[in-house]
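Below you'll find the structure, written out as C-alpha coordinates, and then a few comments.
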Amino acid sequence: MKLRLSQPKVVVDIGRINDLHSIDESDGKIRIGALTSHYEIESSALLGRSCPLLPEVAGKIGDVQVRNKGTIGGSCVHADPAGDWPAAMLALDAEFEIAGPRGNRTVAAKDFFVDMLASAVKPDEILKFIHVPGTAKTVGYVKFAQKASGFAIAGVAAVLDKARKSVAVAVTGVAPKAYRATETESSLRGSELSAATIATAAQKAADGVDPLSDIHASAEYRAHLACVQAKRALELAASRG
Ligand SMILES: Cc1cc2nc3c(=O)[nH]c(=O)nc-3n(C[C@H](O)[C@H](O)[C@H](O)COP(=O)(O)OP(=O)(O)OC[C@H]3O[C@@H](n4cnc5c(N)ncnc54)[C@H](O)[C@@H]3O)c2cc1C
(Lines give C-alpha, C1' and ligand atoms only; values in the text may rest on other atoms or scores of the structure.)
Protein backbone atom coordinates (compact mmCIF):
# COMPACT_ATOMS: atom_id res chain seq x y z
CA MET A 1 0.00 0.00 0.00
CA LYS A 2 2.86 2.36 0.84
CA LEU A 3 4.32 1.77 -2.63
CA ARG A 4 0.84 2.29 -4.19
CA LEU A 5 1.08 -1.17 -5.73
CA SER A 6 -2.20 -1.94 -4.02
CA GLN A 7 -5.08 0.43 -3.20
CA PRO A 8 -7.70 -1.69 -1.43
CA LYS A 9 -11.17 -0.32 -0.64
CA VAL A 10 -11.29 -2.30 2.59
CA VAL A 11 -8.49 -3.25 4.99
CA VAL A 12 -9.12 -6.05 7.50
CA ASP A 13 -6.87 -6.30 10.58
CA ILE A 14 -6.10 -9.97 11.28
CA GLY A 15 -3.51 -9.03 13.91
CA ARG A 16 -5.65 -10.14 16.86
CA ILE A 17 -6.46 -13.69 15.73
CA ASN A 18 -4.68 -15.25 18.68
CA ASP A 19 -4.56 -18.80 17.25
CA LEU A 20 -2.23 -17.54 14.55
CA HIS A 21 0.36 -16.29 17.09
CA SER A 22 1.87 -19.67 17.89
CA ILE A 23 4.82 -22.02 17.63
CA ASP A 24 4.17 -25.66 18.49
CA GLU A 25 5.64 -29.07 17.82
CA SER A 26 3.92 -32.42 17.50
CA ASP A 27 5.22 -35.77 16.19
CA GLY A 28 8.43 -34.15 15.00
CA LYS A 29 6.59 -31.52 12.98
CA ILE A 30 6.60 -27.81 13.76
CA ARG A 31 3.65 -25.51 13.13
CA ILE A 32 4.09 -21.75 13.12
CA GLY A 33 1.16 -19.33 13.08
CA ALA A 34 1.28 -16.79 10.27
CA LEU A 35 1.18 -13.86 12.71
CA THR A 36 4.25 -14.96 14.63
CA SER A 37 6.80 -12.15 14.59
CA HIS A 38 10.38 -12.50 13.42
CA TYR A 39 11.48 -11.73 17.00
CA GLU A 40 9.29 -14.50 18.44
CA ILE A 41 10.96 -16.93 16.04
CA GLU A 42 14.45 -15.58 16.73
CA SER A 43 13.97 -16.04 20.49
CA SER A 44 12.05 -19.35 20.47
CA ALA A 45 13.77 -22.04 22.55
CA LEU A 46 11.66 -24.70 20.81
CA LEU A 47 12.89 -23.63 17.38
CA GLY A 48 16.47 -23.22 18.61
CA ARG A 49 16.32 -26.89 19.56
CA SER A 50 14.16 -28.34 16.81
CA CYS A 51 14.61 -26.14 13.73
CA PRO A 52 17.64 -23.87 14.22
CA LEU A 53 17.55 -22.50 10.68
CA LEU A 54 14.48 -20.41 11.51
CA PRO A 55 15.93 -18.44 14.47
CA GLU A 56 19.13 -17.98 12.49
CA VAL A 57 17.24 -16.45 9.56
CA ALA A 58 14.94 -14.37 11.81
CA GLY A 59 17.90 -12.82 13.63
CA LYS A 60 19.26 -11.50 10.34
CA ILE A 61 16.07 -9.68 9.28
CA GLY A 62 16.15 -5.87 9.27
CA ASP A 63 16.55 -4.32 12.70
CA VAL A 64 14.90 -4.72 16.12
CA GLN A 65 11.79 -2.71 15.22
CA VAL A 66 11.28 -4.67 11.99
CA ARG A 67 11.74 -7.99 13.79
CA ASN A 68 9.24 -6.95 16.48
CA LYS A 69 6.53 -5.90 14.03
CA GLY A 70 7.10 -8.05 10.94
CA THR A 71 5.48 -11.48 10.73
CA ILE A 72 6.61 -14.67 9.03
CA GLY A 73 3.22 -14.96 7.32
CA GLY A 74 3.15 -11.35 6.07
CA SER A 75 6.67 -11.68 4.79
CA CYS A 76 5.97 -14.95 2.91
CA VAL A 77 2.66 -13.77 1.42
CA HIS A 78 4.32 -10.52 0.34
CA ALA A 79 6.95 -12.63 -1.50
CA ASP A 80 9.51 -9.87 -1.73
CA PRO A 81 12.33 -11.20 -3.94
CA ALA A 82 14.80 -9.86 -1.34
CA GLY A 83 12.98 -11.32 1.68
CA ASP A 84 14.88 -13.80 3.84
CA TRP A 85 12.10 -16.30 4.64
CA PRO A 86 11.58 -17.73 1.13
CA ALA A 87 15.12 -19.20 1.14
CA ALA A 88 14.51 -20.95 4.46
CA MET A 89 11.04 -22.15 3.42
CA LEU A 90 12.37 -23.68 0.19
CA ALA A 91 15.39 -25.29 1.86
CA LEU A 92 13.19 -26.88 4.54
CA ASP A 93 10.44 -27.97 2.10
CA ALA A 94 7.91 -26.07 4.22
CA GLU A 95 4.16 -26.41 3.69
CA PHE A 96 1.71 -23.52 3.81
CA GLU A 97 -1.80 -24.00 5.22
CA ILE A 98 -4.17 -21.55 3.56
CA ALA A 99 -7.85 -20.92 4.40
CA GLY A 100 -10.59 -19.28 2.35
CA PRO A 101 -14.22 -19.52 1.30
CA ARG A 102 -13.48 -22.81 -0.54
CA GLY A 103 -12.00 -24.41 2.59
CA ASN A 104 -8.45 -25.20 3.62
CA ARG A 105 -5.63 -26.16 1.28
CA THR A 106 -1.93 -26.87 1.69
CA VAL A 107 0.70 -25.62 -0.72
CA ALA A 108 4.32 -26.79 -0.86
CA ALA A 109 7.01 -24.10 -0.66
CA LYS A 110 8.10 -24.83 -4.23
CA ASP A 111 4.64 -23.77 -5.45
CA PHE A 112 4.02 -21.02 -2.90
CA PHE A 113 6.41 -18.35 -4.21
CA VAL A 114 4.89 -17.68 -7.61
CA ASP A 115 6.71 -14.58 -8.84
CA MET A 116 8.04 -11.23 -7.73
CA LEU A 117 5.64 -10.00 -5.00
CA ALA A 118 3.20 -12.83 -5.83
CA SER A 119 2.45 -15.85 -3.67
CA ALA A 120 -0.10 -18.65 -4.02
CA VAL A 121 -2.46 -16.97 -1.51
CA LYS A 122 -5.52 -15.65 -3.36
CA PRO A 123 -7.09 -12.26 -2.47
CA ASP A 124 -9.96 -13.93 -0.59
CA GLU A 125 -7.69 -16.31 1.38
CA ILE A 126 -5.44 -16.02 4.40
CA LEU A 127 -2.32 -17.93 5.30
CA LYS A 128 -2.92 -19.65 8.63
CA PHE A 129 0.08 -21.82 9.41
CA ILE A 130 3.48 -22.79 8.11
CA HIS A 131 4.61 -26.38 8.70
CA VAL A 132 8.29 -27.34 8.75
CA PRO A 133 9.95 -30.60 9.73
CA GLY A 134 11.50 -30.65 13.20
CA THR A 135 15.01 -31.48 12.34
CA ALA A 136 18.40 -32.27 13.77
CA LYS A 137 19.71 -31.45 10.33
CA THR A 138 22.75 -29.26 10.04
CA VAL A 139 21.94 -25.83 8.71
CA GLY A 140 23.40 -22.47 7.79
CA TYR A 141 22.08 -19.13 6.50
CA VAL A 142 24.26 -16.33 5.22
CA LYS A 143 23.43 -13.19 3.32
CA PHE A 144 25.00 -10.21 1.67
CA ALA A 145 22.57 -7.52 2.79
CA GLN A 146 21.53 -4.15 1.51
CA LYS A 147 23.00 -1.98 4.26
CA ALA A 148 20.09 0.41 4.89
CA SER A 149 17.28 -2.16 5.14
CA GLY A 150 18.95 -5.50 5.72
CA PHE A 151 17.10 -7.03 2.74
CA ALA A 152 19.06 -9.72 0.91
CA ILE A 153 21.04 -8.91 -2.21
CA ALA A 154 22.05 -12.56 -2.03
CA GLY A 155 21.00 -14.85 0.81
CA VAL A 156 21.56 -18.60 0.88
CA ALA A 157 20.11 -21.26 3.18
CA ALA A 158 21.79 -24.67 3.31
CA VAL A 159 20.29 -27.75 4.96
CA LEU A 160 22.37 -30.92 5.21
CA ASP A 161 20.62 -34.16 6.02
CA LYS A 162 23.42 -36.60 6.75
CA ALA A 163 21.08 -39.52 7.41
CA ARG A 164 19.55 -39.24 3.96
CA LYS A 165 22.76 -37.96 2.38
CA SER A 166 20.87 -35.03 0.90
CA VAL A 167 21.65 -31.33 0.64
CA ALA A 168 19.18 -28.49 0.07
CA VAL A 169 20.42 -25.09 -1.04
CA ALA A 170 18.01 -22.18 -1.56
CA VAL A 171 18.81 -18.67 -2.76
CA THR A 172 16.96 -15.39 -2.22
CA GLY A 173 17.59 -11.83 -3.40
CA VAL A 174 19.15 -12.88 -6.68
CA ALA A 175 16.20 -13.63 -8.99
CA PRO A 176 12.59 -12.37 -9.21
CA LYS A 177 11.69 -15.15 -6.77
CA ALA A 178 13.71 -17.35 -4.44
CA TYR A 179 14.84 -20.67 -5.90
CA ARG A 180 16.49 -23.99 -5.06
CA ALA A 181 20.00 -24.13 -6.51
CA THR A 182 19.34 -27.53 -8.08
CA GLU A 183 22.64 -27.69 -9.99
CA THR A 184 24.55 -27.11 -6.74
CA GLU A 185 22.46 -29.77 -5.01
CA SER A 186 23.01 -32.35 -7.75
CA SER A 187 26.74 -31.66 -7.82
CA LEU A 188 26.91 -32.63 -4.14
CA ARG A 189 24.58 -35.62 -4.35
CA GLY A 190 26.42 -38.80 -3.36
CA SER A 191 29.73 -37.07 -2.71
CA GLU A 192 31.52 -36.38 0.55
CA LEU A 193 31.28 -32.76 1.67
CA SER A 194 34.78 -31.35 1.44
CA ALA A 195 36.19 -27.90 0.75
CA ALA A 196 36.77 -28.96 -2.86
CA THR A 197 33.32 -30.49 -3.54
CA ILE A 198 31.60 -27.50 -1.87
CA ALA A 199 33.64 -25.00 -3.91
CA THR A 200 32.81 -26.78 -7.18
CA ALA A 201 29.12 -27.13 -6.36
CA ALA A 202 28.74 -23.53 -5.17
CA GLN A 203 29.94 -22.26 -8.54
CA LYS A 204 26.64 -23.54 -9.98
CA ALA A 205 24.38 -21.59 -7.57
CA ALA A 206 23.14 -19.20 -10.26
CA ASP A 207 23.01 -21.71 -13.14
CA GLY A 208 19.82 -21.44 -15.19
CA VAL A 209 18.75 -18.28 -13.34
CA ASP A 210 18.05 -14.85 -14.80
CA PRO A 211 19.37 -12.54 -12.04
CA LEU A 212 17.83 -9.17 -11.20
CA SER A 213 19.67 -5.96 -11.96
CA ASP A 214 18.91 -2.75 -10.01
CA ILE A 215 20.51 0.15 -8.18
CA HIS A 216 21.88 -2.23 -5.52
CA ALA A 217 23.63 -4.78 -7.74
CA SER A 218 24.00 -5.74 -11.39
CA ALA A 219 22.84 -9.14 -12.63
CA GLU A 220 26.45 -10.27 -13.03
CA TYR A 221 27.33 -9.22 -9.47
CA ARG A 222 24.24 -10.94 -8.05
CA ALA A 223 25.16 -14.19 -9.84
CA HIS A 224 28.67 -13.93 -8.40
CA LEU A 225 27.28 -13.27 -4.90
CA ALA A 226 24.95 -16.27 -5.16
CA CYS A 227 27.99 -18.52 -5.70
CA VAL A 228 30.04 -16.90 -2.94
CA GLN A 229 27.18 -17.08 -0.44
CA ALA A 230 26.32 -20.67 -1.42
CA LYS A 231 29.90 -21.67 -0.62
CA ARG A 232 29.77 -19.87 2.73
CA ALA A 233 26.37 -21.33 3.69
CA LEU A 234 27.51 -24.87 2.85
CA GLU A 235 30.79 -24.42 4.70
CA LEU A 236 28.93 -23.04 7.71
CA ALA A 237 26.44 -25.92 7.76
CA ALA A 238 29.21 -28.50 7.26
CA SER A 239 31.26 -26.98 10.09
CA ARG A 240 28.31 -27.49 12.44
CA GLY A 241 27.91 -31.13 11.53
C1 LIG B 1 12.88 -1.01 7.10
C2 LIG B 1 12.54 -2.44 6.78
C3 LIG B 1 13.55 -3.39 6.71
C4 LIG B 1 13.24 -4.72 6.41
N5 LIG B 1 14.25 -5.63 6.31
C6 LIG B 1 13.96 -6.90 5.98
C7 LIG B 1 14.99 -7.88 5.86
O8 LIG B 1 16.17 -7.64 6.10
N9 LIG B 1 14.63 -9.14 5.48
C10 LIG B 1 13.32 -9.47 5.25
O11 LIG B 1 13.05 -10.64 4.92
N12 LIG B 1 12.33 -8.59 5.38
C13 LIG B 1 12.62 -7.31 5.74
N14 LIG B 1 11.60 -6.40 5.88
C15 LIG B 1 10.19 -6.87 5.68
C16 LIG B 1 9.57 -7.23 7.04
O17 LIG B 1 10.30 -8.33 7.51
C18 LIG B 1 8.07 -7.58 7.02
O19 LIG B 1 7.84 -8.91 7.32
C20 LIG B 1 7.37 -7.29 5.73
O21 LIG B 1 7.46 -5.88 5.49
C22 LIG B 1 5.88 -7.67 5.78
O23 LIG B 1 5.29 -6.98 6.86
P24 LIG B 1 4.24 -7.71 7.79
O25 LIG B 1 4.83 -8.99 8.23
O26 LIG B 1 3.81 -6.73 8.83
O27 LIG B 1 3.06 -8.02 6.79
P28 LIG B 1 1.99 -7.00 6.19
O29 LIG B 1 2.66 -5.75 5.72
O30 LIG B 1 0.87 -6.88 7.15
O31 LIG B 1 1.48 -7.86 4.98
C32 LIG B 1 2.21 -8.01 3.78
C33 LIG B 1 1.23 -8.47 2.71
O34 LIG B 1 0.80 -9.80 3.00
C35 LIG B 1 -0.60 -9.83 3.29
N36 LIG B 1 -0.73 -10.68 4.47
C37 LIG B 1 -0.11 -10.54 5.67
N38 LIG B 1 -0.39 -11.58 6.48
C39 LIG B 1 -1.21 -12.39 5.78
C40 LIG B 1 -1.85 -13.65 6.07
N41 LIG B 1 -1.68 -14.28 7.22
N42 LIG B 1 -2.61 -14.20 5.11
C43 LIG B 1 -2.79 -13.57 3.91
N44 LIG B 1 -2.23 -12.39 3.58
C45 LIG B 1 -1.43 -11.82 4.50
C46 LIG B 1 -1.04 -8.40 3.51
O47 LIG B 1 -2.37 -8.20 3.13
C48 LIG B 1 -0.07 -7.66 2.61
O49 LIG B 1 -0.50 -7.70 1.27
C50 LIG B 1 11.89 -5.08 6.19
C51 LIG B 1 10.87 -4.13 6.27
C52 LIG B 1 11.19 -2.82 6.57
C53 LIG B 1 10.06 -1.84 6.68
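Counting starts at 1 for both ligands and their atoms, in listed order. The basis for the numbers below is simple: all heavy atoms, side chains too, and nothing from hydrogens, waters or symmetry mates.
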(request) May I ask you to identify the nearest protein heavy atom to atom 32 (C) of ligand 1, giving residue, atom name and distance to one decimal place in Å? (result) Gly74 O, 3.6 Å
(request) Do me a favour and list the nearest non-hydrogen protein atom to atom 3 (C) of ligand 1 with residue, atom name and distance? (result) Ser149 O, 3.3 Å
(message) Using a plain distance cutoff, I'd like to know if Trp85 has any nitrogen or oxygen under 3.5 Å from a nitrogen or oxygen of ligand 1.
(response) no
(message) Salt bridge check, Glu40 against Arg67: does any charged N sit closer than 4.0 Å to a carboxylate O?
(response) no
(request) Could you tell me whether Lys60 and Asp84 make a salt bridge, using a distance below 4.0 angstrom between a side-chain N and a carboxylate O? (result) no
(request) Run the salt-bridge test on Arg102 and Asp124 with the 4.0 Å N-O cut-off and return the result as yes or no. (result) yes
(request) Go through ligand 1 atom by atom and flag the ones less than 4.0 Å from a non-hydrogen atom of Ile126. (result) 42 (N), 43 (C)
(message) To check your reading of the model: name the closest protein heavy atom to atom 9 (N) of ligand 1, its residue, and the distance in Å.
(response) Asp84 OD2, 2.6 Å
(request) Pull out every atom of ligand 1 sitting under 4.0 Å from any heavy atom of Gly62, numbered as shown with elements. (result) 5 (N), 6 (C), 7 (C), 8 (O)
(message) Please report whether atom 11 (O) of ligand 1 has a protein non-hydrogen atom at a separation of less than 4.0 Å.
(response) yes
(request) Please determine if Glu56 and Arg240 form a salt bridge, counting it only when a charged side-chain N lies under 4.0 Å from a carboxylate O. (result) yes
(message) At under 4.0 Å between heavy atoms, is it the side chain or the backbone of Lys143 that contacts ligand 1, or both, or neither?
(response) side chain
(request) Could you pull out the closest heavy-atom pair between Ser75 and His38, with the gap in Å? (result) CB-CE1, 4.0 Å
(request) Give the residue, atom name and distance (to 0.1 Å) of the protein heavy atom nearest atom 23 (O) of ligand 1. (result) Gly70 CA, 4.6 Å
(message) Is the contact between His38 and ligand 1 made by the side chain, the backbone, both, or neither, using heavy atoms and a 4.0 Å cut-off?
(response) side chain
(message) Heavy atom to atom 1 (C) of ligand 1, shortest distance: which of Ile72, Val66, Thr36 holds it?
(response) Val66
(message) For the 3.5 Å polar cut-off, considering only N or O atoms, please tell me whether Glu125 and ligand 1 meet it.
(response) no
(request) Please check if any side-chain donor atom of Thr197 sits under 3.5 Å from a side-chain acceptor atom of Ser194, or the reverse. (result) yes
(request) State whether the shortest distance between N or O atoms of Phe151 and N or O atoms of ligand 1 falls below 3.5 angstrom. (result) yes
